Amino acid sequence: MHDARRFRNGLWLFLALGILFAGTPAPTLHAGDMDSVLIIDLDGPINPGSALYVARGIGEALDRRAALIVLKMDTPGGLETSMRTIIKAILNSDIPVVVFVAPRGAGAASAGVMVTVAGHVAAMAPGTNIGAAHPVGAGGKDIQETMSVKILNDMASYGRGIADQKGRNGEWVEKAIRESVSVTAEEALEKKVIDLVAEDLDDLLQKLDGREVVAGGRTVVLSTRGLIKDVYRPDFRDRVLRTISDPSIAYILMMIGLAGIYFELSHPGAILPGVVGSISLILAFFSFQTLPVNYAGLLLIVLGVILFIAEIKITSYGLLSVGGLISLTLGSIMLFETVEVPMKTILPTVALVGGFFIVVAGLAFRAQRSRPKGGSEGIIGEVGVVRQRLDPEGLVFVHGEIWRAQSDEVVEPDEKVEVVGIRGLTLKVRRSGNSVF
């Protein structure tokens with residue numbers, strides 16, 4: 001009885017303590033408890049490769065127990081999906097992320113605007129600019145009117161929501177998206193688009209010291225004096241991915257891969273085209289995992305290759321080849337959903353690869369239809385010269401060799417004979433004419 005009462009009292013005490021600690025506000029952390037700042041360089045377009053590189057860098061900061069992350073950025077913009085990948089990594093980071101547009105002469109245009117305002121601290125170096133965030137299609141093309149309105153409204157609300165959440169000028173961010181306005185670092189600071197202007201990384205760390213930010217649901221007081229600078233460098237995988245994540249390069253790799261595999265299948269034993277084609281296809285599929293692939297476009301390209309293969313087996317007088325070229329062209333245009341390969345890349349590639357397919361198919365077709373040049377089948381139909389009188393057997397010179405031959409009629413030496421059959425090592429011949437050799 002006493003044991004039961006003690007158990008209930010302990011349970012109530014445990015619950016009371018749980019409620020007490022649950023209601024206690026989260027403690028303020030000091031970033032200086034850890035002694036390094038991880039620097040991530042984002043220089044160039046924002047694409048799937050660079051987005052994964054930045055996201056991995058933010059994750060690496062946790063493993064290295066960094067006190068702070070500085071995303072040093074100079075970008076003309078990039079893909080919306082890649083931009084959102086970076087922003088999600090920043091917003092969900094437990095370690096404060098400072099987005100620093102630097103060095104002098106750098107800029108944060110288009111998607112770079114949203115990445116900048118998403119940082120826990122947004123900073124710029126003198127002589128830099130930010131803005132011109134109006135969304136456009138791949139290659140800078142204007143988007144169709146109806147789709148443009150939808151994308152514009154979505155991007156404006158997305159950018160303004162992030163800016164408002166971070167206490168920055170959401171109205172200006174929306175204006176940058178709708179009207180493509182751009183400002184200098186000093187103007188951005190005045191308009192409260194960013195938090196500070198710093199000459200360089202050392203000046204930035206000095207100005208960040210003592211600043212309070214909210215990261216991972218906790219208030220963090222930055223203590224940046226004496227932090228060790230730790231640069232996150234892209235590994236080989238990052239460098240390869242950033243290169244082949246370009247839609248044009250991924251597309252060209254796929255076409256080279258298909259051409260190489262096709263040549264190897266139509267001419268077995270060539271080896272080199274098969275090896276090059278296999279490597280190119282693997283690289284293309286590796287990059288496809290980071291790109292918005294439209295499988296209808298991919299299937300059209302594969303159908304084009306199948307039509308070229310069928311041209312070898314079926315006499316279509318070129319109709320299958322024409323169908324293959326059409327499928328290749330349409331599939332190339334449709335290959336990616338939210339990005340596109342420029343026509344100046346598609347047309348020459350389709351022309352070269354399609355011409356290659358047609359030439360190889362023609363050679364394979366001619367080889368299949370031509371008469372065998374060697375073996376027992378290759379010697380039938382050849383014309384030779386009698387060396388020893390055929391009555392009914394004798395010797396003939398044919399195909400560069402002396403053969404024993406049989407004939408149903410007597411044939412004198414130096415007369416021409418035609419091979420009509422072969423049994424073992426004996427030829428069956430008939431008189432070809434009365435002219436002498």
Side-chain angles (χ1 to χ4, degrees), residues 37-46 50 54 57-58 68-78 83 86-87 89-91 93 96-136 155-156 158-215 222 224-225 227 229 231-232:
V37 52
L38 186 66
I39 302 166
I40 304 173
D41 280 311
L42 176 56
D43 186 6
I46 295 174
S50 60
V54 172
I58 293 175
L68 185 68
I69 300 169
V70 174
L71 177 58
K72 188 178 176 185
M73 185 171 68
D74 178 15
T75 179
M83 172 199 74
I86 295 176
I87 290 175
I90 293 174
L91 295 179
S93 173
V97 179
V98 179
V99 180
F100 184 35
V101 182
R104 290 173 180 265
S110 191
V113 175
M114 263 70 79
V115 174
T116 302
V117 298
H120 297 99
V121 179
M124 296 176 67
T128 59
N129 70 291
I130 184 172
H134 188 89
V136 295
M155 195 64 65
Y158 182 69
R160 181 160 192 159
I162 292 173
D164 290 342
Q165 178 187 347
K166 296 296 182 179
R168 302 193 176 102
N169 191 339
E171 183 178 348
W172 182 89
V173 172
E174 184 173 356
K175 196 174 181 180
I177 294 170
R178 294 189 182 277
E179 302 176 19
S180 291
V181 297
S182 181
V183 294
T184 64
E186 292 73 18
E187 290 172 329
L189 180 62
E190 182 182 347
K191 295 178 182 295
K192 297 184 178 179
V193 178
I194 61 173
D195 301 310
L196 56 91
V197 174
E199 290 286 340
D200 52 28
L201 192 57
D202 291 330
D203 187 35
L204 174 67
L205 293 177
Q206 183 177 353
K207 290 181 177 180
L208 287 173
D209 192 58
R211 180 181 289 268
E212 288 189 1
V213 298
V214 177
L222 300 178
T224 56
R225 293 185 184 276
L227 287 181
K229 298 173 186 175
V231 180
Y232 179 68

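All of these numbers come straight from a predicted model, not from anything done at the bench. Quick note: numbers below take in every heavy atom, side chains included, and nothing from hydrogens, waters or symmetry partners.
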Check: Is a side-chain N or O of T128 found less than 3.5 angstrom from the main chain of G105, in a donor-acceptor match?
Finding: no
Notebook entry, point to check: Mind checking whether I69 and I90 have side chains closer than 4.5 Å, heavy atoms only?
Noted result: no
Note to self: Within the structure provided, determine whether V115 and V54 are in side-chain contact (heavy-atom separation under 4.5 Å).
What the structure shows: no
Margin query: Taking A123's backbone N and O only, do any of them form a donor-acceptor pair with D195's side chain (distance below 3.5 Å, no angle check)?
Written below: no
Check: What are the two closest non-hydrogen atoms of E199 and P126, and how far apart are they?
Finding: OE2-CG, 3.7 Å
Next item on the list: State, with a plain yes or no, whether a side-chain heavy atom of L42 is found less than 4.5 Å away from one of S50.
Entry: yes
Margin query: Closer than 3.5 angstrom, by distance alone: can the side chain of T75 be matched with the main-chain N or O of A108 as a donor-acceptor pair?
Written below: no
Next item on the list: Could you tell me whether the side chain of K72 and the main chain of A102 form a donor-acceptor pair under 3.5 Å?
Entry: no
Next item on the list: Please confirm whether the backbone N or O of D43 pairs with a side-chain atom of D74, one donor and one acceptor, at under 3.5 Å?
Entry: no
Margin query: If I compare all heavy atoms of D203 with all of A198, which pair ends up nearest, and what's the gap?
Written below: OD2-CA, 3.3 Å
Next item on the list: Report the C-alpha distance between K229 and D202 in whole Å, list the side-chain angles of each, state the deciding distance to 0.1 Å, and finish with yes or no for side chain to side chain contact (heavy atoms under 4.5 Å, CB included).
Entry: CA-CA 10 Å; K229 298 173 186 175; D202 291 330; 2.2 Å; yes
Margin query: Please find the pair of heavy atoms, one from V117 and one from K166, that lie closest to each other, and give the distance.
Written below: O-CG, 3.4 Å
Checklist line | Heavy-atom closest pair, residues I194 and T116 | finding: CG2-CG2, 4.3 Å
Next item on the list: Provide the closest heavy-atom pair for A111 versus I46 in the form atom of the first, atom of the second, distance.
Entry: CB-CD1, 4.0 Å
Note to self: Any carboxylate oxygen within less than 4.0 angstrom of a Lys/Arg side-chain nitrogen, looking at K191 and E187?
What the structure shows: no
Next item on the list: Quick one: do R160 and I177 satisfy side chain to side chain contact (heavy atoms under 4.5 Å, CB included)? Show the steps, please.
Entry: CA-CA 9 Å; R160 181 160 192 159; I177 294 170; over 6 Å; no
Checklist line | Gap separating the CG atom of L227 from the CD1 atom of I39, nearest 0.5 angstrom | finding: 10.0 Å
Notebook entry, point to check: Rounded to the nearest 0.5 Å, how far apart are CD1 of I87 and CD1 of I162?
Noted result: 4.0 Å
Next item on the list: For the pair V193 and R168, evaluate side chain to side chain contact (heavy atoms under 4.5 Å, CB included) and give the outcome as yes or no after the intermediate values.
Entry: CA-CA 5 Å; V193 178; R168 302 193 176 102; 5.9 Å; no
Checklist line | Nearest-0.5 Å distance, OH of residue Y232 to CG of residue L71 | finding: 12.5 Å
Margin query: Is it the case that over 12 heavy atoms from other parts of the model lie below 6.0 angstrom from the CD atom of E186?
Written below: yes
Margin query: Assess the residue pair T224 and V37 against the criterion (side chain to side chain contact (heavy atoms under 4.5 Å, CB included)); give the C-alpha distance rounded to whole Å, side-chain angles, the decisive distance to 0.1 Å, and a yes or no.
Written below: CA-CA 8 Å; T224 56; V37 52; over 6 Å; no
Next item on the list: Please name the pair of heavy atoms, one in F100 and one in L201, separated by the smallest distance, quoted to 0.1 Å.
Entry: CE2-N, 4.1 Å
Margin query: With a 4.5 Å cut-off on side-chain heavy atoms, are L196 and L204 touching?
Written below: yes
